[in-house]
Amino acid sequence: MALLPILEFPDPRLRTKAQPVERVTSATRKLADDLLDTMYEAPGIGLSATQVDVHQRIVVIDVSATQDAPLVLINPQLSAPESTQEREEGCLSVPSFYEVVPRAERIRVSALDRDGKPFEMQAQDLLAVCIQHECDHLDGKLFVDYLSSLKRDRIRRRLSKLRRQEATAR
Ligand code: NI
């Protein structure tokens, strides 16, 4: 088990576009497992490789109440967005801020699983939101990008203030 440090907004590395995984190897599986450990420990319901400064198209998700249904998506592709929903979102890279973001209510996902096997699934509700949020990370996009620049700047300022306070407290 390895816990990976999570980059925080506005770190410019969060803006990197991740590369497709060409071959799922034991290193890919180790990364997926470390991402899951890091996500559960945080705790969170989703984490992308981008957030731990690894720029490969891998995300992990678990929206189950019991946190025992890990989902690994490698090279995820989203299609057929249907309808819209608005939910409050948070992000491990934007700690302690929650805002409502518009997303598709239902989407289709095709990806490789942890073993490199292709699969397809349909997602809705919270799972659909989580998948869209994590896949955005792979394109260098954050949920705060959907907010007004005023709100985004306020979050940026408050986060740097929090970080300064943490540094002084240490
Ligand atoms: Ni996030």
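Note that the numbering runs from 1 along the sequence shown for the chain. Just follow the structure's listing: the first ligand is 1, and inside any ligand the first atom is 1.
For Lys151 and Tyr146, the positive end is not near the middle of the six-membered ring at less than 6.0 Å and at most 45° from its axis.
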*asked:* Go through it in stages, so that I can follow the logic: the residues are Arg87 and Gln85, the test is side chain to side chain donor-acceptor pair (under 3.5 Å), and I'd like the CA-CA distance, side-chain angles, deciding distance and then a yes or no.
replied: CA-CA 7 Å; Arg87 269 176 203 269; Gln85 58 174 327; 2.9 Å; yes
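With respect to Arg103 and Glu86, no salt bridge is recorded, no charged nitrogen being found less than 4.0 Å from a carboxylate O. With salt bridges taken as basic N to acidic carboxylate O contacts below 4.0 Å, one links Asp33 and Arg114. We find that Asp145 and Arg15 are joined by a salt bridge, their nearest charged nitrogen and carboxylate oxygen being less than 4.0 Å apart.
Within the structure, salt bridge (Lys or Arg N to Asp or Glu O under 4.0 Å) contacts touching residues 54-64 (residues at least two apart or in different chains) are Arg57-Asp139.
Inspection of the environment of the Ni ion (ligand 1) yields the following protein N, O or S atoms under 2.8 Å: Cys91 SG, His133 NE2, His137 NE2.
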